[in-house]
Amino acid sequence: MSLVANIIVDVPALQTNKPYTYIIPEVLTDVIQPGMRVVVPFGKGSRKVQGFVVEIKEQTATEIKLKAIESLMDSYPVLTMELLQLGEFLAYQTFSFQIKCYQTMLPAVMRAKYSKKIKIIDEIPETLLWDIFKGKDELSWEEAERQNVLTDLIQLEKEDKVEIDYDVKDKAVVKKIKKIKPALSFEAYEEIREYLRSNAKKQKLFIDILQSMDSETSLSYAELKAFGVTPSTIRSGLEKNWCDVFHEEIYRDPFASSTFEKTRPLPLNQDQAHAFSKIYQTIKEDEHDVFLLQGVTGSGKTEVYLQTIKEVIDKGEGALMLVPEIALTPQMVQRFKSRFGDEVAVLHSGLSNGEKYDEWRKIEKEEAKVVVGARSSIFAPIKNIGIIIIDEEHETSYKQEEFPKYHARDVAIWRGEYHKCPVVLGSATPSLESRARATKGVYSLLELKHRVNDYPMPAVDVIDMREEAKRGNHSMFSEALLTGLKKRIDKQEQSVLLLNRRGFSSFVMCRDCGFVLECPNCDISQTLHMDTRTMKCHYCGHEESIPKKCPKCDSRSIRYYGTGTQKVEKELNELLIDASIIRMDVDTTRKKGSHEKLLNRFANKEANILLGTQMIAKGLDYPDVTLVGVINADTALGLPDFRSAEKTFQLLTQVSGRSGRGEKEGQVIIQSYNPEHYAIQYAKQHDYDSFYKREMHLRHLSEYSPYYYLLKISVSHENEMTAAKKIRQYTDFIRPSLSEKAIILGPTPKSIARTHNRYHFQVLIKYKQEKELTEKIHQLLTETQKEQARGTFISIDYQPLDFI
DNA sequence: AGCACGCCGACT
DNA sequence: GTCGGCGTGCTC
């Protein structure tokens, strides 16, 4: 019996979301393994597509004639059996295509690049041969399109004069450098030196170097250059067979220029020691457990992570540490590199694709045992995981917004179970879901109640902005905040100012007629972008110039609205003449590395105020920051999102922790229009537990998470009536399979009812336990395939984080 | 996704 | 009478 392979092909469609069976050519039988990428012929024209081998088995009696695998793209499996299995599970759970899941697990460069070529296989008309093919025997598809000869060529293909050649290319390129090795003995070099002309100084130098090397050592061209040996000298040396040249695979090292001083473990306080020993126990006994490590800012969670990771490494296993993208600062990386040196691989969006691939290979080859990275690092190819840590577990960025819409926390727990290792969720302000599970005993709660140095939590003042307005202060700054800022400037201390941008955008409105510039395709207002001096739609990318006068009433009083960081900066500069401000927002941090640069400048005290949006709330640790101001604490509170109080509480608590990290006492000023709101009041008192109780009570009353799970079905269509009709139909399809406990909300039009010229509707299903729901949704997707092809788009979001 | 097959309108 | 439109269905 011959062997066949089950392969998931790179054709992201519902009908092809299943394994296809291919014959394994004899030459590949000994090398092919599950987890390898392959090139296979697919479909009528047998175009070549990339695929993943998921299974190898004996061929069973089958009527369909199988095609054979074209070639292998890897010499080793790039996905382990674990990841293959995880991908299958994720596809089902998140209603995504399996191929998408596998592609998400791997660096972008490993995604195939496809190209089509036209090859001449028989005589073709002379004119075509010379004008189009220019005498060569092949032509790229794009070139044929450009020359407008595709129809002619397709005709020729039917006559078997030319053929269409499909090419699958791997974008993954291993970087190599040229190195040289001595080829002769010590004595031989001695002899050569004798015969060198006295003015051949460069050559003599080269001989000296070669002579000092033994056969085990090698030098790169760059290293030789540093000694003063130029490429031309090397070339002549090679010609005379003084040395040999070879290529060595290297890693692009994004931290090449940084040095890391080795740090030692710090002594743990009682809370930390307790947490450590609980986690250590599961490591030692190869047990899976989920811990919620809840510790106030400054309570030393990171030290607990570092020491548990150390144990895992000593045991010969790997560690996985997830950090939100914006918290993945050089400071953070430094702490890990300093403790574990080269054993750390870092994955984040700031790396080039090549760099990401190299970090991935380091992990795959088990050269790096510790992986620190953002969301997608949860798929790091560690073969033997000893611990998975998710820091700031409440962060919403752990949920991917595109397909596959996975939550890193769920994937972590899946992998933790697979590897029988602990999963640690760390946060100062855990998500209600996690804390509720810990309270129920599903997770083990570990608390760090004290700050490491016993510094007190900073004093938080909440300023009622309505009172300020009553007193005639209509600026964005309360008197208290302004006085506070002045005081810091005088004392040469630093301040951080946070602008809560959630629910805000700068738009253009006419003061005379109230006209707001909207996107022509979508029902939302366009946003002002000062950097490009244009108006942009955030949904479809539509762009137009800023209107100088109102398009409706021709009035010139068309003004910009919204509280942008630029506006705050401008006002601040006017109010505080001697303030030096570093502004950090999407505009100033767009360029690669600029984020770090700005933070470094602030750390070097080149400015006394750091002004920014959410991105400054994380992980910054500057001893000279003694004042943190929140300009608008409650902009998010008004949003129709059941998590808005939770998010506000988390944000305020987090920024509060940024103040007074050093020996100097810190102060926090929160400006608000509803200061009595419990999210603000409990944040002021640093009281998570009370917030938790109050919020849980509300969630219970309103029947939301964590009491209920959520599933969102979105339907869109060009025609508003069709979209409305379809979603009602689909809801009716699901309804009978639900138990009485499930609650259906909607269907309703989405808050942004129209984008890309399509109308959107959604329905939310709240449920506690619905065994059949997932299966029923899959049924819905399968049965509506035709309608989907005809323009009714359905999208399912399992446990959505946003639904406004 | 992409390609072929199939059944209805404007062309030599 | 044919060329070609894109609706429909299948891909190991």
Side-chain angles (χ1 to χ4, degrees), chain A residues 1-26 28-29 32 34 36-73 84 88 91 95-104 111-119 140-142 144-145 148-160 162-169 171 402-404 717-719 722 726 781-795:
Chain A
M1 241 348 170
S2 60
L3 288 177
V4 291
N6 272 353
I7 289 164
I8 297 290
V9 292
D10 182 14
V11 182
L14 245 164
Q15 299 107 303
T16 52
N17 189 31
K18 57 174 184 191
Y20 284 85
T21 311
Y22 282 87
I23 292 165
I24 300 172
E26 197 135 335
L28 300 181
T29 45
I32 195 164
M36 285 180 174
R37 293 174 303 154
V38 290
V39 178
V40 291
F42 192 77
K44 293 278 163 63
S46 279
R47 71 196 162 98
K48 307 292 183 287
V49 297
Q50 190 186 51
F52 287 89
V53 179
V54 289
E55 194 189 355
I56 290 168
K57 55 175 193 183
E58 293 273 300
Q59 184 171 9
T60 48
T62 169
E63 287 96 72
I64 12 167
K65 46 195 182 327
L66 305 179
K67 288 181 185 173
I69 293 171
E70 169 97 4
S71 63
L72 288 183
M73 292 182 80
L84 286 173
E88 193 184 341
F95 309 99
S96 306
F97 305 129
Q98 217 169 320
I99 187 73
K100 285 263 171 204
C101 294
Y102 292 146
Q103 285 169 341
T104 308
R111 211 162 292 185
K113 201 179 134 193
Y114 296 103
S115 62
K116 277 196 276 191
K117 269 189 294 199
I118 295 149
K119 251 191 175 152
S140 77
W141 188 270
E142 291 74 31
E145 251 174 348
N148 217 4
V149 287
L150 270 182
T151 354
D152 299 343
L153 291 171
I154 286 165
Q155 184 57 39
L156 283 172
E157 200 230 336
K158 287 199 177 113
E159 295 165 20
D160 281 333
V162 298
E163 66 176 11
I164 296 166
D165 215 28
Y166 300 87
D167 204 15
V168 183
K169 268 214 183 73
K171 283 180 283 177
E402 291 114 60
F403 283 107
H717 195 272
E718 285 178 357
N719 182 300
T722 315
K726 288 293 175 195
L781 288 171
T782 318
E783 287 182 21
T784 56
Q785 270 179 61
K786 276 184 201 161
E787 292 168 36
Q788 291 183 59
R790 280 193 224 115
T792 310
F793 296 165
I794 312 177
S795 158

Report yes if at least one side-chain N or O of [X] is closer than 4.0 Å to OP1 or OP2 of [N]; otherwise report no.
X: A:Tyr166; N: B:dA1; result: no
X: A:Lys100; N: B:dA1; result: no
X: A:Arg790; N: C:dT8; result: yes
X: A:Lys67; N: C:dC12; result: yes
X: A:Lys786; N: C:dG7; result: no

Determine yes or no for a side-chain-to-main-chain donor-acceptor pair under 3.5 angstrom, with [X] supplying the side chain and [Y] the backbone.
X: A:Tyr102; Y: A:Gly51; result: no
X: A:Lys113; Y: A:Arg111; result: no
X: A:Thr722; Y: A:His717; result: no
X: A:Arg37; Y: A:Gln50; result: no

Rounded distance (Å) that lies between atom P of B:dC3 and atom CD1 of A:Ile164: 7 Å
Touch class at under 4.0 angstrom, heavy-atom based, for A:Phe97 against every strand present: nothing
Touch class at under 4.0 angstrom, heavy-atom based, for A:Tyr22 against every strand present: sugar-phosphate
Among B:dC3, C:dC12, C:dC10, the nucleotide that comes nearest once only the side chain of A:Lys116 is considered: B:dC3
